[in-house]
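Report on the structure given below.
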Amino acid sequence: MTTTTRPSDLAYAAVRHVIPEVEWATFADDIDAIHALKREHDAVILAHNYMTPEIFHGVADIMGDSLALAREAQTVEAGTIVLAGVRFMAETAKLLNPGKRVLLPDLRSGCSLAESITPQQVRDLRAAHPGAPVVTYVNTSAAIKAESDICCTSGNALKVIEALGVPEVIMIPDQYLARNIAAQTGVRVITHPGACEVHERFTPLDIIQIRQGHPGVTILAHPECPPNVVAEADYAGSTAQMQDYVEREKPARVALITECSMSDNVAAAHPDVDFVRPCNLCPHMKRNTLQSIRAALEHGQHEVTLDPATSDAARRSIERMLEVS
Ligand code: 13P
Ligand code: SF4
């Protein structure tokens with residue numbers, strides 16, 4: 001008699017340090033079903049670093065920060081992309097793959113930054129600052145990207161702004177990312193009052209208390225945090241840059257000032273690092289579950305469609321960013 005190893009058994013090796021076997025067993029049927037559905041429907045799963053470990057390590061094919069997901073979306077050969085993340089990420093994947101089917105498992109996966117600005121507000125900013133290019137964080141809708149000169153992510157914002165070679169830029173919609181980048185460059189940065197509802201909740205006092213309670217801790221903060229939080233941290237970077245930092249520097253003890261699942265996913269690969277976990281949950285990212293991903297593949301839901309005129313302009317903003325970075 002031959003026994004076959006199930007995909008869920010193979011995946012468990014990656015998470016054994018962070019998830020008890022008895023808990024993993026509750027995920028196994030969905031993980032195995034999703035692997036079969038991916039083969040059946042010629043699909044790949046792109047997953048953001050904020051996905052829970054059973055998604056990130058159990059079913060994802062490509063994982064990363066917003067920049068990596070945008071880059072990797074260009075290389076996908078499968079006919080269907082399931083974007084385990086939020087709507088703006090699925091739109092970016094669709095913009096870069098107009099001929100492919102892109103599925104978002106839950107239509108409610110929005111983003112407070114994407115919802116913080118309208119196309120008219122972008123036009124008003126342009127009118128108020130003639131000649132200043134609009135640099136738009138990817139955490140925006142395709143309609144906002146279409147109004148922009150170039151996109152950026154938290155991983156390449158400084159590079160993008162400096163590559164423009166201008167004295168002044170309009171950077172939308174995250175006021176904190178914009179101010180954190182402004183502190184690193186001589187370029188004048190005009191901001192819009194958007195914020196990430198997850199990162200704006202961290203305070204300098206949180207960081208001070210973590211240091212007091214956990215001697216020797218290295219603190220890495222996401223640049224969507226307010227500047228006074230970033231000022232208290234040892235390093236600021238995108239989710240992928242935080243992960244690289246842990247891999248490169250191997251701190252004995254670390255705190256990632258960002259969304260909760262990030263620490264779980266990085267900790268899985270670093271059993272020797274002590275992770276302090278002061279995190280905030282993103283309710284939009286957490287709309288993704290094994291069940292919603294399974295249903296997305298079973299029923300072909302929810303397909304992302306974009307207006308062609310908006311798409312062409314939005315795609316140009318993303319492609320310019322990818323050329324620069
Ligand atoms: P990055 O993964 O690009 O750092 O973005 C964080 C984020 O909040 C995405 O929604
Ligand atoms: Fe948006 Fe913040 Fe959630 Fe990222 S973590 S999707 S920026 S609300």
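This structure is a prediction, so every number in the text was calculated from the model and none was measured. As the structure lists them, so they are numbered: ligands from 1, and atoms in each ligand from 1.
Atom numbering of ligand 2 starts at 1 in the shown order; those under 4.0 Å from a heavy atom of Glu224 are 2 (Fe), 7 (S). The contact set between ligand 2 and Tyr50, taken as ligand atoms under 4.0 Å from a residue heavy atom, comprises 5 (S).
Neither the backbone nor the side chain of Glu259 comes within contact range of ligand 2; no heavy atom lies under 4.0 Å.
The aromatic rings of His199 and Phe202 sit tilted relative to each other, their planes meeting at an angle between 30° and 60°.
Disulfide status for Cys196 with Cys111: absent, SG atoms not under 2.5 Å apart.
Annotation: the span from Met51 atom CE to Ile45 atom CD1 amounts to 11.0 Å, rounded to 0.5 Å. With rounding to the nearest 0.5 angstrom, the CD atom of Glu162 is 8.5 Å from the CD atom of Gln184. Residue Leu256 holds its CG atom at 9.0 Å from CZ of Arg277, rounded to the nearest 0.5 Å.
Residue Lys100 is tested with Thr80, Val76, Asp42, Val44 for a side-chain contact (heavy atoms from CB on, under 4.5 Å); the sole match is Val76.
Within 4.0 Å of ligand 1, the residues that place a heavy atom are His48, Tyr50, Asp65, Ser66, Phe88, Met89, Asn139, Ser154, His222, Glu224, Ser238, Thr239, Met285, listed by chain and number.
Looking at every heavy atom in both residues, His222 comes nearest to Ser154 through NE2-OG, 3.5 Å.
With a 4.5 Å cut-off on side-chain heavy atoms, Leu95 and Leu306 count as touching.
Listing protein N, O or S atoms at distances below 2.8 Å from atom 1 (Fe) of ligand 2, with waters left out, gives Cys111 SG.
Distance alone, capped at 3.5 Å, is enough to place a donor-acceptor pair between the Trp24 side chain and the Ser8 backbone.
No side-chain donor-acceptor contact under 3.5 Å links Thr239 and Asp65.
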### Message
For a salt bridge (Lys or Arg N to Asp or Glu O under 4.0 Å) check, start with the C-alpha distance between Glu91 and Lys145, then their side-chain angles and the critical distance, and finish with the verdict.
### Response
CA-CA 11 Å; Glu91 286 191 355; Lys145 291 183 176 81; 5.4 Å; no
